[in-house]
Amino acid sequence: MKKIALCLAVLLLLCGCGRTEPEPAATPDPEPAPVQEENSISFLAMDTYMTVRAWGADDDQLGAVRDAVYELDELLSVTAETSEIARLNAGDTVTLSEQTRTLLEKALQLCEKTDGALDISLYPVVKAWGFTTSEYRIPHETEINELLQNVGFRRIGLSGSGAILPEGMEIDLGSIAKGYAGDLIASMLREDGVTSAILDLGGNIHTVGAKPDGSPWRVGVRDPQSDGYLGVLSVEDKAVVTSGGYIRYFVGEDGETYWHIIDPSTGYPAKNGLISVTIVGDEGAVCDGLSTSLFVMGLDKATDYWRQNGGFEAVFITDDGQVYVTAGLQDTYEPRGAACRVIGSKS
Ligand code: ADP
Ligand code: MG
């Protein structure tokens, strides 16, 4: 009998019948968010393998994104003879599309802001080293000095509708084009209502929103000396762009390593103490341009640039394996193995 009474009491409690206070008015459960399926597309463009993973995007939307990058590549490619950039390089007067003009203006602004550490007119020098064809060679000093005569972005004016380059000059937007392509894809996906996506454009990572479960995306920072990672960044709605001496390089007959990031002040691969620069920011094109130019600057000048301009964060890896992160990444960068030093906003 006692047992039955106890069971009844428990049952009443479970049913809530034992409460004396009135029940609050029932609130309907919030509409469950529709489960978003992952969809992805991979394609080759801008000399790299690109993968777009987006939750809730259909095949047509991803196909449109790929086609937009193909179109951009056709405008900007230095090797496709019919591209606007190739025609400019051939000495033609070219009526630039809005996209090319926008990117060219953005690139020139960054060249100016970085005081020429980024210089889109360095292309003839990059070519001479064989970085455009993978037929690598060490150009003679006199050849480099001759080619440098035609380098200098400040000579490029963009007034009027028909653009033309000063004689002998050639440009290449390769240092920022992939970042721009990431911005384009991310904005197309956002317009389609996608709130969760991650793009890998040959090592440039762009994130839209957070992961589908609401947690931040985790992006690894590669160890330049091995296949592993030196740290992991937690990001949402950001571009994470790395320029590294380990990405494209060759070892010359002299045993020296020569990489594809060139110091415009010398015409030689930039060896200013950094081996990898990762930029985290809102705009992929800017992050891309900055990853290249801050690599050229070396740690001290790059740090000064960050302090003076802001608007982005960075992970610097020096050629002796030290890792430095700017203050804004203190809580988002998780070191793996190698400890990191934090660069504050004041020296
Ligand atoms: P990746 O293309 O590997 O992502 P970057 O974004 O750093 O790397 O761009 C490097 C490319 O930019 C080089 O392959 C070369 O074509 C060009 N380049 C190299 N040095 C410079 C420079 N100082 N300014 C502008 N473009 C550069
Ligand atoms: Mg770059």
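Order of appearance sets the numbers: ligands from 1, and atoms from 1 within every ligand.
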### Message
Looking at every heavy atom in both Pro335 and Tyr333, which two are closest together, and how far apart are they?
### Response
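Looks like CD-O, 3.6 Å.
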
For ligand 1, which is the ligand I care about here, please tell me if [X] has any N or O atom under 3.5 Å from one of the ligand's N or O atoms.
X      : value
Asp172 : yes
Arg248 : no
Thr242 : no

#### Entry: Sole candidate of Ile185, Thr48, Val241, Asp288 that passes side-chain contact (heavy atoms from CB on, under 4.5 Å) when paired with Leu201
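Only one option passes, and that is Ile185.
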
#### Entry: the Mg ion (ligand 2) to nearest N/O/S of Ser243 less than 2.8 Å
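Short answer: no, not a single N, O or S atom is under the cut-off.
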
### Query
Is there an N/O/S atom in Ser293 at a distance below 2.8 Å from the Mg ion (ligand 2)?
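False for Ser293.
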
### Task
Fit a plane to each ring of Trp55 and Trp217, take the angle between them on a 0 to 90° scale, and name the class: parallel (under 30°), tilted (30 to 60°) or perpendicular (over 60°).
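Aromatic pair Trp55/Trp217 classed tilted.
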
### Task
Report the part of Ala270 (side chain from C-beta onward, or backbone N, CA, C, O) that has a heavy atom under 4.0 Å from ligand 1; answer both or neither where that applies.
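None of Ala270 does.
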
### Query
Is ligand 1 under 4.0 Å from a heavy atom in the side chain of Leu118, in the backbone, in both, or in neither?
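Within the 4.0 Å criterion, Leu118 contacts ligand 1 through backbone and side-chain atoms alike.
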
### Message
Within rounding of 10°, what is the angle whose vertex is the Mg ion (ligand 2) and whose arms end at O of Ser175 and OD1 of Asp288?
### Response
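Taking the Mg ion (ligand 2) as the apex, I get 70° for this pair.
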
### Task
For Pro264, counting its heavy atoms only, list the atoms of ligand 1 lying under 4.0 Å from any of them.
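With Pro264 as reference, the close atoms of ligand 1 come out as 23 (N).
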
### Message
Which of the numbered atoms in ligand 1 are under 4.0 angstrom from any heavy atom belonging to Lys178?
### Response
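Answer for ligand 1: 1 (P), 2 (O), 4 (O).
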
### Query
So is Lys271 actually on top of Trp259's ring, under 6.0 Å and inside 45° of the axis?
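Lys271 over Trp259 ring: yes.
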
### Task
Would you check whether Ala117 reaches within less than 4.0 Å of ligand 1, judged by its heavy atoms?
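Ala117 counts as a contact of ligand 1 under the 4.0 Å cut-off.
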
